[in-house]
Amino acid sequence: MAARFKSDFLNVLDQRGFIHQISDPDGLDALAAKGPITGYVGYDATATSIHIGNLITVTMLYWLQETGHKAISLMGGGTSMVGDPSFRDDQRKLLTVEQIASNIESIKRVYGRILRYDGANPAIMVNNAEWLLELKYVEFLRDVGRFFSVNRMLSFDSVKLRLDREQSLSFLEFNYMIMQGYDFVELNRRYGCVLQMGGSDQWGNIINGVDLSHRMEGPQLYALTTPLLTKSSGEKMGKSASGAVWLNGDLFSPYDFWQYFRNTEDADVGKWLKIFTRLPLDEIARLAVLQGNELNDAKKVLATEVTAIVHGRDAADKAAATAAATFEQGAIDLSLPTFELSRVELKAGIGLLSALVTAGLAGSNGEARRAIQGGAIRVNDEPVTDDRATLSEAHLLPEGVIKLSSGKKKHALLRAA
RNA sequence: GGGAGAGUGUCCCGAGUGGCAAAGGGGGCGGACUGUAAAUCCGCUGGCUUAGCCUUCGUAGGUUCGAGUCCUACCUCUCCCA
């Protein structure tokens with residue numbers, strides 16, 4: 001692929017499909033080609049984990065670091081107390097200080113796996129609570145607030161949705177973009193940071209920082225955004241049956257994570273390989289041209305590589321092995337999600353409905369019943385159509401477990417204890 | 001402070017004007033077809049000890065045999081006037 005930029009950094013991002021908009025491509029390129037630059041991405045602490053949408057921008061930080069530059073991951077300890085109104089049609093619930101702190105603790109762990117915070121040229125993690133919480137109101141208004149035009153802020157697409165729907169946009173939320181703009185300037189002062197990256201929905205917020213620096217007679221700053229990732233079928237990337245695809249293993253298991261990528265649509269395999277894995281581009285090109293059934297091999301590579309980045313190589317290999325045993329050999333793999341059942345209960349015979357609920361394959365007896373009636377349920381791979389069926393010791397396989405399945409993809413084991 | 005309007009199935013949008021477990025979408029799940037893909041078609045999409053019972057339409061009361069629908073108060077949000 002022809003190099004469009006002079007700097008390795010922008011070439012990598014360009015060739016792997018990360019670039020949506022850059023505020024001044026040539027200026028940024030020249031700067032990055034000349035020497036190391038410092039760039040950051042901000043993350044809100046609105047949940048106990050980040051999700052795969054965030055993984056994209058963390059990966060940009062990875063490439064930033066990898067191409068010899070300095071990466072900053074900014075925790076939004078201060079901004080999360082306000083809540084980003086961008087492209088939302090309602091106000092976020094206000095989080096307590098304790099929630100924010102515990103969310104940050106929980107989120108932090110994931111970054112260490114993806115970015116390197118030690119050794120030569122380490123990435124750094126900063127929390128904007130450090131400076132935002134110290135601000136003096138009137139002082140801040142005079143120093144920073146005077147550079148923001150309300151007329152202009154009202155014209156941003158990010159708040160249009162709210163205004164057009166005649167939904168209230170509180171003054172609190174309205175301040176979010178000012179705070180984020182100020183963060184950029186502050187990071188420039190403290191660390192010489194000149195680049196902020198983010199999703200395309202953050203463009204307005206990032207540009208605010210670039211402008212603010214101008215107006216405060218600071219240095220030229222740069223904005224770079226990624227496209228909003230959608231599947232070829234038009235859906236937003238990152239949603240699964242159980243909600244968001246989280247990176248923390250306790251919210252979304254490595255096995256489920258692996259499965260999520262394994263089920264990528266054909267048309268997206270190449271795109272995802274470039275963005276989510278670190279495989280060389282020529283290898284990706286080779287994988288992406290596979291057709292039909294062979295493309296499934298590329299999907300397995302994708303799933304394993306991404307899982308390895310997020311959960312570690314061991315967890316990735318294990319997930320791949322479990323999937324291979326379950327789907328390809330039709331065997332019982334003991335590392336499928338397993339639930340305990342008391343031996344006494346089993347002896348007496350336990351209703352299939354409640355067994356399905358226990359195994360997490362149904363949310364309620366009613367749901368379990370409908371699944372059975374819809375022909376979705378199998379016990380030890382034998383279809384069951386009677387919703388009054390019971391399980392007993394006779395169902396135990398030689399491995400000492402009972403395998404329950406809902407549909408082709410969801411499996412769980414019950415073990416007598 | 002005065003006036004007008006909105007809040008529906010704990011995923012979203014959205015009909016409904018005294019008989020409603022509540023139309024229709026989207027999304028999701030399942031089945032068929034395949035390749036653990038997409039597209040297409042079909043079924044399901046409050047809970048339970050399921051010929052029945054219980055809980056749901058912003059909150060709390062009231063009218064009525066019966067209320068999402070009518071009345072009162074309150075909460076939240078919009079818009080107009082001051």
Distance check needed: [N] [atom2] versus [X] [atom1], whole Å only.
X      : N     : atom1 : atom2 : value
A:H411 : B:U36 : NE2   : P     : 11 Å
A:Q291 : B:U34 : CD    : C1'   : 15 Å
A:W272 : B:A38 : CH2   : P     : 13 Å
A:L361 : B:G28 : CG    : P     : 19 Å
A:K299 : B:U34 : NZ    : P     : 16 Å
A:R370 : B:G28 : CZ    : C1'   : 13 Å
A:R378 : B:G31 : CZ    : P     : 7 Å
A:Q373 : B:U45 : CD    : C1'   : 13 Å

So, are A:R152 and A:D211 salt-bridged, with charged N and O less than 4.0 Å apart?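 Yes, this pair counts.
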If you measure from the Lys or Arg side-chain nitrogens to the Asp or Glu carboxylate oxygens, is any gap between A:E367 and A:R370 under 4.0 Å?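 Not counted as a salt bridge, because no side-chain N and carboxylate O are separated by less than 4.0 Å.
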Given the [atom1] atoms of [N] and [M], what is the spacing between them in whole Å?
N     : M     : atom1 : value
B:G46 : B:C20 : C1'   : 13 Å
B:U59 : B:A6  : C1'   : 16 Å
B:U55 : B:U10 : C1'   : 13 Å

Flag side-chain contact, heavy atom, 4.5 Å: A:L55 against A:L247: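 A:L55 reaches A:L247 side chain to side chain.
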Phosphate OP1/OP2 of [N] contacted by [X] side-chain N/O (<4.0 Å):
X      : N     : result
A:T264 : B:A37 : no
A:N365 : B:U49 : yes
A:K408 : B:G35 : no
A:K409 : B:A37 : yes

Taking atom types as they are modelled, would you say the side chain of [X] forms a donor-acceptor pair with the base of [N] within the 3.5 Å cutoff?
X      : N     : result
A:E328 : B:U36 : no
A:D266 : B:G35 : yes
A:K300 : B:U36 : no
A:R369 : B:U50 : yes

Return yes if a side-chain donor-acceptor contact under 3.5 Å exists between [X] and [Y], otherwise no.
X      : Y      : answer
A:E130 : A:N127 : no
A:N188 : A:S213 : no
A:Y43  : A:T57  : yes

Sort out the partner of B:G30 for me: Watson-Crick or G-U wobble, both distances under 3.5 Å, none otherwise.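 B:G30 is paired with B:C42.
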Base-pairing mate for B:A67 - Watson-Crick or G-U, with both contacts under 3.5 Å: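 Matched B:A67 with nothing under the 3.5 Å cut-off.
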Base, sugar-phosphate, or nothing for A:G292, non-hydrogen atoms under 4.0 angstrom?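 Base contact.
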Among the candidates [options], find the nucleotide nearest to the side-chain atoms of [X].
X      : options             : answer
A:R262 : B:G35, B:U36, B:G30 : B:U36
A:S364 : B:G47, B:U36, B:G35 : B:G47
A:N263 : B:G30, B:G35, B:A37 : B:A37

